[in-house]
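The chains referred to below are lettered A, B, ... by the order of the sequence lines, with proteins before strands, and numbering in each begins at 1.
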Amino acid sequence: MNTLLAVIIGVLTVYLAYTLYARRIDRHVIQSDPKRATPATLYMDGVDFMPTNKNILFGYHFKSIAAAGPIVGAIVAATLWGWLPALIWLVLGVTFIGWASDYSGIVISVRNDGNSLSATAHRLVSPRSRTVLLMFIVIYLLIGASGFLSIMSNTIEGQPRTVLGIVVLTAMGLLLGQMLYRWRSGLVGATVLTVGVTLLAILAGPWSEPVFKGLNEAMNSLSGGHPLVTYFDPTAAEFKGGEAAMMPSLLLWALAICAFCYAGSVLPIWRMAQPVIYVAFWISATAIVLGLGGAALATFVKPEVAQFVIPAFKGFNPQVGPSGMMPLWPMLFVTIACGAISGWHALFGSVGTARQIENEADMLPVGGGSMLCEFLLGLLALLSVSVGAKGAPVAAFATGLGGFISVFGIPLGFAVSLAYAAFIVIVLVVMQLLFRVMRVTLSEWLGEAIPIVRNQHVSSLVCIALAIVVVLTGTWIYLWQLLGGANQLMAALALLLVTVWLASVGKNWLYAGLPAAFMYVTTIASLLVSAYNIYANVYKVNAVAGRIVPIVGSGILIFLALLLVAAAIVIGIDGARAFQRYRRQPIAAPKPVGARA
Amino acid sequence: MTLAERVSRFRDAAAKFMYGLTGYEFVRHALEMRHEMETVFMVVTLGDLIGVPVLPPIYSLRLLPHVVPEIATWKRNMARRKEFWEKEEYDLHGL
């Protein structure tokens, strides 16, 4: 297998899924009608509801959904099961489930006055489903933020050359916000300045390495070189499991990332979160575009970086840790989330994009098209790790992507630095956003019962403290799979809601109902497997050794996993009841609202 | 459609896609900031409509011509809020 063939498979998948399946559903099931008025035109307020050109919206939606998910998931899956199962799931997932979830999230909102999924669930399914959904989202975000915090602290501690880039990225983001919103500078000039300086800092990373290495050593000397916490890590020693230690330097970087996320969460969004994401976007987009081009050209120009080096298939149940299990079903289907299907997309599509849809005919190119493009991003991550060297997944990804970028004549060392930076900035800015959304959702969920939670500093600190406790399990892979499970379950619930809605209006519900059933069963099973793995591989082993911190952390994770399962069962039961009710008697279809003149 | 028209259409679509990918978010946020300021202005001038008399009606009357174009969007926006002082985070709310 080589990269060219994989790219051809990817492009064919996108073309066939869009033209042969997605378009058919759009025309014959949803019957999108360009003459029907959308919420954006009906309720236009110039801000939230705003009719927008489909190409602009395509870019906006794609940027909002494409982040760390497709990259990390593909890397972990290829490392655990080999590249073939990962490729098959990416292709089949996006073809039959992924685009349908994104597209339907937009459709259900457009056809329901621009309401969010939780508001629609409240109306169509049951009032309690909204509360359960809010709790579900907070837990999902907590697991996500913790997973990323764990991955990021380890990566930054192990790769001190990346620190300079991150510090300069933050500074440039703050400068960009000031330039755009206060000094009224032009976007192009501000972009060239801030992105250019950040890129230079990233490339200068290797020269700054001794400084940050020295800082790590100085931190570690504070405890006399002794670790703060020791724990059993089932992912150590190439997934055989072994003793691991949390040094003071790791805590330093974890706290630094938390401080970054806290600022991003509480400062006005224009001051930090938005401009930092914008600068980071250019860094990662540069690496990804170069990587995609390099992956396609590598077969002709530099064949040595185009050949897959990891095994195609590593087995149905690879061993991770002493007693855990990692069955291909259901775990592969949650490990690769965003490139195949993601609940986040449906959530965002229903509130962010749907309220800007100008014309119903735009729903498919914007929702379905963006998801199919994100699949290509997942494919690039899979290719990068498949041609990369063996070793830690992130390092393998950076080596592989760096190899693709070097096809354009960029020295390999710099190309790998850029690839590392692309990975880190994507994850970092997503974390910042996760904490922000978690803070807002926590306030909405508990704000009325516990008024102090409405204070943004309190809710942010609560979120960060919870994330740190969860990180202390030290097992990023389970955090990632729990996040994948929660994310996929969110997608399943979104599809379930779409199924209920389709039944309520008397339409054919199979295109959403079958994927919903598959994802629902798969993700609940995966959460139970994850809970068992955490118990068997982390809780039990550390309990024997009497280590309090990992015991508490893993105990919380098991509790959260079971809570997610319980929440999903409640929503599932309510959804099934509502589905049966509407199947017996669909709601009379409202008369179409008059089209715009 | 001629080839030149196709190319021009593609370039236009690509430019809009890039705008959506990059600058659109800033534009949306700038609109939100302006919208918040306009809401304050509307509450100051037409506050008594929603039970918050801020200005004596004579001044409201004098400001009325400046306010009229905004009334329709203000009405829609206020009707969606739980409380009139509530500030929504448009990019995140509704989750």
*What's the verdict on side-chain contact (heavy atoms from CB on, under 4.5 Å) for B/Tyr19 and A/Asn55, showing C-alpha distance, side-chain angles and the deciding distance?*
CA-CA 9 Å; B/Tyr19 169 62; A/Asn55 293 313; over 6 Å; no
*Between A/Thr52 and chain B, which part of the residue has a heavy atom less than 4.5 Å away: side chain, backbone, both or neither?*
side chain
*Identify the residues of residues 2-13 of chain B whose heavy atoms come closer than 4.5 Å to a heavy atom of chain A, ordered by number, or report 'none'.*
B/Ala13
*Leading residue by heavy atom contact count with chain B [cutoff under 4.5 Å; candidates A/Phe58, A/Tyr181, A/Phe281]*: A/Tyr181
*Taking B/Met18, B/Met33, B/Glu70 one by one, which has the highest count of heavy-atom pairs under 4.5 Å against chain A?*
B/Met33
*With no hydrogens and no angle check, is any side-chain donor or acceptor of A/Gln274 less than 3.5 Å from a backbone partner on B/Glu25?*
yes
*More than 12 heavy atoms of other residues, nucleotides or ligands under 6.0 Å from CE of A/Met44: is that the case?*
no
*Take B/Phe26 and A/Tyr278, measure what side-chain contact (heavy atoms from CB on, under 4.5 Å) needs, and give me the verdict at the end.*
CA-CA 9 Å; B/Phe26 292 113; A/Tyr278 177 78; 3.3 Å; yes
*Does any heavy atom of chain A fall under 4.5 Å from the side chain of B/Phe17, the backbone, both, or neither of them?*
both
*Might you point out which heavy atoms bring B/Thr22 and A/Lys63 nearest each other, and give the distance in Å?*
O-NZ, 4.4 Å
*Kindly compute the distance separating NZ (B/Lys16) from CG (A/Asn53), expressed to the nearest 0.5 Å.*
4.5 Å
*Taking the side chain as C-beta and beyond, is there a heavy-atom pair between A/Gln356 and B/Tyr24 under 4.5 Å?*
yes
